[in-house]
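Following: one structure in structure tokens, then a few remarks.
Atoms considered below: every heavy atom in the structure, side chains included; atoms not considered: hydrogens, waters and symmetry mates. Residue numbers run from 1 in the order of the sequence given.
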Amino acid sequence: LMPPDERRREDRTAIELKVEYKRLNTFFYDYTRNISKGGTFIKTPKPLPVGTLFLFKLLVPGLPEPLVLNGEVRWIVREGERAPEGATNDDPAAPGMGIRFIYQDETQREAV
């Protein structure tokens with residue numbers, strides 16, 4: 001078995017970003033420290049159900065406009081649970097949701 005760090009397909013960047021996302025006309029604000037071109041983990045005590053598709057914004061320091069991306073919830077961690085093996089969050093006991101980015105095209109993927 002490969003160490004968890006080597007199983008990750010994308011390099012991760014250590015930066016804290018504010019994430020805004022909308023679900024059923026309600027806006028949520030959370031923070032992520034763990035992001036790659038493939039996706040991110042959002043710490044939240046109320047993760048959305050697996051399979052949920054939503055639009056969210058990454059507020060990146062130095063960029064005049066937030067990055068607007070489509071995402072899909074791939075896995076969740078509830079309070080008191082641990083993240084699945086190979087999950088992409090820094091704190092396996094933190095509740096939240098693993099998000100896979102869904103790109104419109106290769107240009108958008110490169111922008112991220």
Contacts of E106 meeting side-chain contact (heavy atoms from CB on, under 4.5 Å) (sequence neighbours excluded), chain-then-number -> R109, E110

Side chain to side chain donor-acceptor pair (under 3.5 Å) filter on R100, not counting sequence neighbours, yields E72

| Worked verdict on L53 versus N70 for side-chain contact (heavy atoms from CB on, under 4.5 Å) | CA-CA 7 Å; L53 297 173; N70 289 294; over 6 Å; no

Notebook entry, point to check: Quick one: do V68 and V73 end up in the same hydrophobic cluster if we chain Ile, Leu, Val, Met, Phe, Trp and Tyr together by side-chain heavy atoms under 4.5 Å apart?
Noted result: no

Residue set satisfying side-chain contact (heavy atoms from CB on, under 4.5 Å) with E79, at least two apart, ordered chain then number -> P95

Checklist entry - Are L69 and L55 close enough that some pair of their side-chain heavy atoms sits under 4.5 Å apart? => result no

To the nearest 0.5 Å, atom CG of L48 lies from atom CD1 of I99 at 7.0 Å

In this structure, OG1 of T40 is separated from CE of M97 (nearest 0.5 Å) by 9.5 Å

